Amino acid sequence: MPFEFRLEKVLKYRKRVVEKHTRDVGEAQLVVNSIVEKITVMEEDINELLDANSMEINTTLNVEIMISRGHWLTHLEALQLELANELATAEAELDHRRSLLARAWQDQEVLQRLREKQKIMWMDQQRKLENKYLDEIGQIRADRQQREKVSLL
């Protein structure tokens with residue numbers, strides 16, 4: 001009779017939950033990475049604009065261009081702030097999903113340890129039963145041999 005873990009279905013379910021949470025963490029990490037990439041691009045755009053403003057100091061100043069660049073810089077900084085808020089939200093979501101994954105992983109580990117413990121106990125019981133049967137067989141053989149000796153006398 002092979003070992004049968006009574007909570008095998010629960011363990012399989014927990015494994016599926018861990019896989020789902022792993023995918024969720026991966027998706028959340030992708031979102032965070034994309035936002036970080038957008039922030040990097042935004043910072044590069046702002047730096048290019050500031051560098052362009054500093055390069056034009058030596059040339060003729062055009063008020064309209066400076067005003068439009070100032071508005072564009074304000075717009076880019078507002079977008080950067082918005083992206084920073086999105087990043088904070090995405091990182092909070094990533095942390096939440098990681099905590100869910102950690103809890104699901106712990107639940108799965110508990111069931112796996114229980115399974116291993118029960119399997120070891122089952123193997124010990126099987127070994128004891130086997131030893132008991134071998135002892136009984138040995139006792140039966142010893143009785144037969146004793147009877148054969150008595151009958152020969």
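Model, not experiment: these values are computed from the prediction.
Apart from L100 itself, the hydrophobic cluster it occupies contains nothing, where clustering links Ile, Leu, Val, Met, Phe, Trp and Tyr at side-chain heavy-atom distances under 4.5 Å. Within the hydrophobic cluster formed by Ile, Leu, Val, Met, Phe, Trp and Tyr side chains joined at under 4.5 Å, directly or through other members, V41 stands alone, with no partner residue.
Between L111 and F5, the shortest heavy-atom contact is O-CZ, 3.7 Å. Pairing each heavy atom of L83 with each of I35, the nearest pair is O-CG2, 3.6 Å. Closest non-hydrogen pair, A104 versus V17, comes out as CB-CG1, 3.8 Å. Nearest heavy-atom pair across L49 and R69 is CD2-O, 3.7 Å.
Residues in residues 119-151 take part in these ring pair (Phe, Tyr, Trp, His ring centres under 6.0 Å) pairs, two or more places apart or across chains: F3-W122. Residue pairs meeting the side-chain hydrogen bond (donor to acceptor under 3.5 Å, both in side chains) criterion with at least one member in residues 82-91, sequence neighbours excluded, do not occur. Contacts classified as ring pair (Phe, Tyr, Trp, His ring centres under 6.0 Å) and involving residues 97-121 (residues at least two apart or in different chains) are not found. Residue pairs meeting the salt bridge (charged side-chain N to carboxylate O under 4.0 Å, His left out) criterion with at least one member in residues 129-142, sequence neighbours excluded, do not occur. Sorted by first and then second residue, the pairs that involve residues 14-32 and meet side-chain hydrogen bond (donor to acceptor under 3.5 Å, both in side chains), not counting sequence neighbours, are K20-D24, Q29-N33, Q29-R98.
Annotation: the span from E37 atom CD to I39 atom CD1 amounts to 11.0 Å, rounded to 0.5 Å. Once rounded to the nearest 0.5 Å, the distance linking CD of E109 with CG of L11 reads 10.0 Å. We find the CD-CG distance between Q106 and L101 to be 10.0 Å, quoted to the nearest 0.5 Å. One distance of note links NE2 of H75 with CD of E77; it measures 11.5 Å at 0.5 Å rounding.
Under the 4.5 Å side-chain criterion, counting only non-hydrogen atoms from C-beta, E116 is not in contact with R113.
T40 pairs by the side-chain contact (heavy atoms from CB on, under 4.5 Å) definition with V36, E44, not counting sequence neighbours. Partners of M121 under the side-chain contact (heavy atoms from CB on, under 4.5 Å) rule, at least two apart in sequence or in another chain, are K117. Partners of I120 by side-chain contact (heavy atoms from CB on, under 4.5 Å), not counting sequence neighbours, listed by chain and number: D124. In this view, H71 and I67 satisfy the side-chain contact (heavy atoms from CB on, under 4.5 Å) rule, not counting sequence neighbours.
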